[in-house]
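First up is the structure itself, then whatever we jot down about it.
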Number of protein chains: 2
Amino acid sequence: MTTWNAYVSACPTRLVLDRIADKWAVLLLGLLAKGPMRFNQLRREVEGISQKMLSQSLKSLERDGLISRKATPTVPVTVEYSITLLGETLSATVDPLRLWAESHIEQVLTAQQHYDAGAST
Amino acid sequence: MTTWNAYVSACPTRLVLDRIADKWAVLLLGLLAKGPMRFNQLRREVEGISQKMLSQSLKSLERDGLISRKATPTVPVTVEYSITLLGETLSATVDPLRLWAESHIEQVLTAQQHYDAGAST
DNA sequence: CAGAATCCTCTCTGATACTG
DNA sequence: CAGTATCAGAGAGGATTCTG
């Protein structure tokens with residue numbers, strides 16, 4: 001376990017992949033790539049995400065320097081999240097994956113059906 | 001939940017992302033991209049993966065049509081896994097992500113340290 | 001409005017044992 | 001060799017409640 005962990009942490013790809021793996025991170029990054037948004041605005045936009053996960057995902061993204069948080073001390077606090085330059089480059093890099101997904105989803109689904117039908121017969 | 005699920009399943013990107021999210025799937029795909037391998041061979045190569053996860057990940061990848069399984073009915077059964085054409089295109093698409101990871105890992109780590117040091121002060 | 005803290009459930013994963 | 005089946009622990013994630 002420890003040995004293995006050393007390997008993992010030494011692997012930059014895993015770190016990035018783990019972030020990508022986050023169910024919401026990519027979604028949020030994509031949203032913020034279009035423009036800055038506030039907390040509850042994102043909450044409504046994503047709709048389905050719990051407040052906990054939202055705040056957690058945002059925190060991770062901010063920690064990684066992919067998005068930035070700006071709090072304005074108005075009466076009810078106003079917080080605005082926006083994508084960073086670094087975040088934009090990642091978002092751009094993820095795009096090919098989206099394209100791959102869209103153009104190959106058919107093949108994948110077909111493969112799944114074939115498999116589920118008992119392909120190994 | 002149901003509403004949201006409908007959205008998710010309708011989103012090809014999520015399906016692909018979920019597969020990428022699999023801690024081992026990408027690793028295995030990358031390994032098999034180099035050439036066919038047998039079960040216990042992969043087990044040793046990855047080392048750290050449990051037999052359960054290996055078999056599970058391989059099954060998912062096969063189901064998605066990303067790798068293929070060929071069993072030869074020798075005395076002790078011989079099973080060989082190899083990447084498919086579809087799998088190769090995905091593997092190729094994931095590469096940019098690896099490159100991004102390698103070339104930006106410094107920035108991410110720096111951002112993390114900055115954040116952990118109490119950036120919001 | 002933008003969260004933090006708590007509780008509780010449900011899935012994922014590892015360890016172990018057994019089979020063709 | 002190449003798995004499957006079962007059990008138990010850790011952790012992710014949701015719902016709810018409370019605060020600056």
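Here is the naming used below: chain letters follow the sequence lines, and residue numbers restart at 1 for every chain. Computed from a predicted structure; not experimentally measured.
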Intermediate values then yes/no, side chain to side chain contact (heavy atoms under 4.5 Å, CB included), A:Leu90 and B:Leu97: CA-CA 8 Å; A:Leu90 177 56; B:Leu97 223 46; 4.3 Å; yes
Given C:dG14, D:dG14, C:dA5, the nucleotide with the shortest approach to the side chain of A:Gln51: C:dA5
Closest listed nucleotide, where the reference is the side chain of B:Arg69 and the choices are D:dC7, D:dA2, C:dT6: D:dA2
Given DNA chain D, 5'-ward residue of the pair B:Thr78 and A:Arg43, judged by closest heavy atom: B:Thr78
Between C:dT13 (P) and B:Leu58 (CG): distance, integer Å: 14 Å
A:Arg38 vs C:dC1: side-chain N/O to OP1/OP2 distance below 4.0 Å: no
Distance test, side-chain N/O of A:Lys59 to OP1/OP2 of C:dA4, below 4.0 Å: yes
Minimum-distance pair of heavy atoms, taken over all atoms of A:Ile83 and A:Leu66: CG1-O, 3.5 Å
Residue met sooner reading DNA chain D from 5', once B:Pro76 and B:Gln56 are mapped to nucleotides: B:Pro76
Rounded distance (Å) that lies between atom P of C:dA2 and atom CD1 of A:Ile49: 14 Å
Side-chain N,O (B:Ser55) to OP1/OP2 (D:dA2) below 4.0 Å: no
Partner of B:Leu32 under side-chain contact (heavy atoms from CB on, under 4.5 Å), chosen from B:Leu61, B:Leu27, B:Thr84, B:Ile67: B:Ile67
Listed nucleotide nearest any side-chain atom of B:Lys52, set C:dT13, D:dG14, D:dA2: C:dT13
Phosphate OP1/OP2 of D:dG3 contacted by B:Tyr81 side-chain N/O (<4.0 Å): yes
Closest listed nucleotide, where the reference is the side chain of B:Val79 and the choices are D:dG3, D:dC1, C:dA2: D:dG3
Identified side-chain contact (heavy atoms from CB on, under 4.5 Å) partner of A:Phe39 from the options A:Arg69, A:Glu80, A:Gln51: A:Gln51
Whole angstrom value for the distance that separates C1' of C:dT13 from CG of B:Asp22: 11 Å
Base D:dA2 to side chain B:Gln41, donor-acceptor N/O within 3.5 Å cut-off: no
Closest nucleotide among D:dC1, C:dC1, C:dG14 to the A:Arg44 side chain: C:dC1
